[in-house]
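We're numbering straight along the sequence, starting at 1. All values derive from a computational prediction rather than experimental measurement. Counting convention: from 1, in listed order, for ligands and their atoms alike. Worth knowing before you read on, the calculation uses all heavy atoms, side chains too, and leaves out hydrogens, waters and symmetry mates.
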Amino acid sequence: MSKPKVLLTRKWPAEAEAKAQELFDVTLNEDDHKMSVDELKAAIQNYDAVCPTVSDFPIDADIFGSDDRKCKIVSNFGVGFNNINTDAAKEVGVVVTNTPEVLTDCTADIAMGLLITVSRRIGEGERLVRSKEWDGWCPTHFLATKVTGKKLGFIGFGRIAQAVATKAHFGFGMEISFFDPYPPSDEVIKKFSATKLDSVEDVLKDADFVTLHCPGGGSNTNLMNAERFALMKDSAFLINTARGDVVDEPALVQALKDGAIAGAGLDVFAKEPNVSEDLLSMDNVVLLPHLGSATTETRVAMGLRSLANVEAFFKGEEPGDRVA
Ligand code: DGY
């Protein structure tokens with residue numbers, strides 16, 4: 001029996017590409033270019049499986065196209081799948097999978113990294129040393145905000161959020177509160193001595209740090225808007241490792257300019273890779289190029305997980321990470 005034809009839309013770590021070559025008749029993206037809409041359409045027409053990622057946006061009804069498509073499964077390299085219109089996939093009977101769990105800790109590490117970097121002014125301090133303008137220690141230099149023991153509020157309390165809570169609560173003695181329309185078990189809540197709140201607003205009012213862990217797109221688009229920034233403490237920081245569109249970027253810029261919040265640590269942006277000039281010019285923000293899952297270990301594991309979903313599908317099994 002011939003092997004399924006599989007396309008990886010971007011370059012993957014060598015170990016994961018090698019596994020793909022072992023399992024399938026695979027086409028790699030050797031020069032790692034971002035595929036055009038036409039290339040993605042052709043991929044859906046001509047491959048049994050397509051493995052896209054967050055930069056292939058949006059894979060929608062137009063791309064799923066006509067009935068003569070060959071593609072039966074879109075196996076996303078990534079846990080977030082707002083780059084794929086799952087309703088459109090369902091409509092044409094294409095299975096969609098993602099890669100949960102394997103990136104949980106690394107993404108949580110980046111959330112903690114942003115939280116500490118922005119509140120302790122690490123980016124600013126590093127820039128000062130590099131500029132050779134540092135003129136030595138003094139008791140009032142670069143005073144920042146203490147992290148240990150502060151209140152950390154979560155919007156969304158799923159896997160990645162709980163990994164952040166583990167580091168923050170047990171490592172930094174932080175008090176945990178959260179809002180999630182699908183809250184975890186009482187056992188999980190008890191483990192963190194967490195406070196379950198009834199609304200996003202309740203989290204915002206009381207937290208010293210607010211960290212976003214909800215899916216992007218749909219009703220979460222611009223969830224953090226001007227009204228909600230106004231509810232945050234003016235000493236509080238916003239951390240976003242979820243999706244850029246969860247934050248109304250102009251409203252965030254205004255909140256930072258007005259001093260309505262103290263700062264922000266952002267790994268994701270509404271229109272990646274474009275970042276607003278206002279944010280680029282501010283010292284009280286830390287800006288990362290979507291690094292949440294960017295460790296060798298995790299990116300290999302994501303590739304292998306995506307391939308495992310394709311393999312299961314073509315063996316006639318239910319892929320472990322089916323989302324549509
Ligand atoms: C994901 O998996 O959703 C990340 O944002 C990409 O690493």
Side-chain angles (χ1 to χ4, degrees), residues 8-17 20 29 32 34-35 40 50-60 73-86 89 96-115 154-164 180 211-218 220-221 223-224 238-247 249 264-275 286-310 319-324:
L8 312 188
T9 66
R10 298 302 297 262
K11 195 158 183 55
W12 285 13
E15 191 182 329
E17 287 191 342
N29 181 346
D32 199 23
K34 182 171 154 36
M35 291 203 168
L40 290 170
V50 176
C51 302
T53 190
V54 65
S55 62
D56 302 306
F57 181 86
I59 300 187
D60 55 10
I73 174 167
V74 168
S75 174
N76 201 43
F77 180 104
V79 65
F81 50 89
N82 64 318
N83 54 317
I84 302 164
N85 182 329
T86 48
V96 180
T97 58
N98 70 342
T99 59
E101 293 163 2
V102 290
L103 45 66
T104 299
D105 267 312
C106 284
T107 307
D109 291 348
I110 283 286
M112 282 309 292
L114 283 170
L115 186 157
F154 290 78
I155 309 298
F157 206 56
R159 264 185 300 257
I160 296 173
Q162 288 170 36
V164 176
D180 192 316
T211 184
L212 304 177
H213 297 280
C214 51
N220 288 341
T221 306
L223 177 135
M224 285 305 301
L238 177 78
I239 308 301
N240 190 10
T241 53
R243 281 293 181 263
D245 65 6
V246 177
V247 174
E249 239 165 58
L266 308 171
D267 187 40
V268 286
F269 301 88
K271 295 195 169 64
E272 295 176 14
N274 302 314
V275 177
V286 175
L287 309 169
L288 296 182
H290 204 145
L291 293 183
S293 62
T295 62
T296 305
E297 295 90 330
T298 287
R299 290 283 166 85
V300 169
M302 288 165 75
L304 299 182
R305 185 104 177 197
S306 168
L307 297 174
N309 285 317
V310 177
D321 305 313
R322 183 169 180 168
V323 293

N/O to N/O under 3.5 Å, ligand 1 against protein:
| residue | atom | partner | partner atom | Å |
| --- | --- | --- | --- | --- |
| ligand 1 | 2 (O) | V79 | N | 2.7 |
| ligand 1 | 3 (O) | V79 | N | 3.4 |
| ligand 1 | 3 (O) | G80 | N | 2.8 |
| ligand 1 | 3 (O) | R243 | NH2 | 2.7 |
| ligand 1 | 5 (O) | R243 | NH1 | 2.7 |
| ligand 1 | 5 (O) | R243 | NH2 | 3.4 |
| ligand 1 | 5 (O) | H290 | NE2 | 2.7 |
| ligand 1 | 7 (O) | S293 | OG | 2.6 |

Residues two or more places apart in sequence or in another chain: which of them pass side chain to side chain contact (heavy atoms under 4.5 Å, CB included) with T298?
-> L103, C106, S293, T295, M302
In chain order, what residues pass the ring-ring contact (aromatic ring centres under 6.0 Å, His included) check against F77, with sequence neighbours excluded?
-> W12
Can you name the residues that form a side chain to side chain donor-acceptor pair (under 3.5 Å) with D32, not counting sequence neighbours?
-> R10
Before accepting this row, confirm whether a basic side-chain N of the pair K11/E17 lies closer than 4.0 Å to the acidic partner's carboxylate O.
-> yes
How close do A111 and I239 get, heavy atom to heavy atom, and via which atoms?
-> O-CG2, 3.8 Å
Considering all heavy atoms, the nearest P52-T9 contact | CA-OG1, 3.3 Å
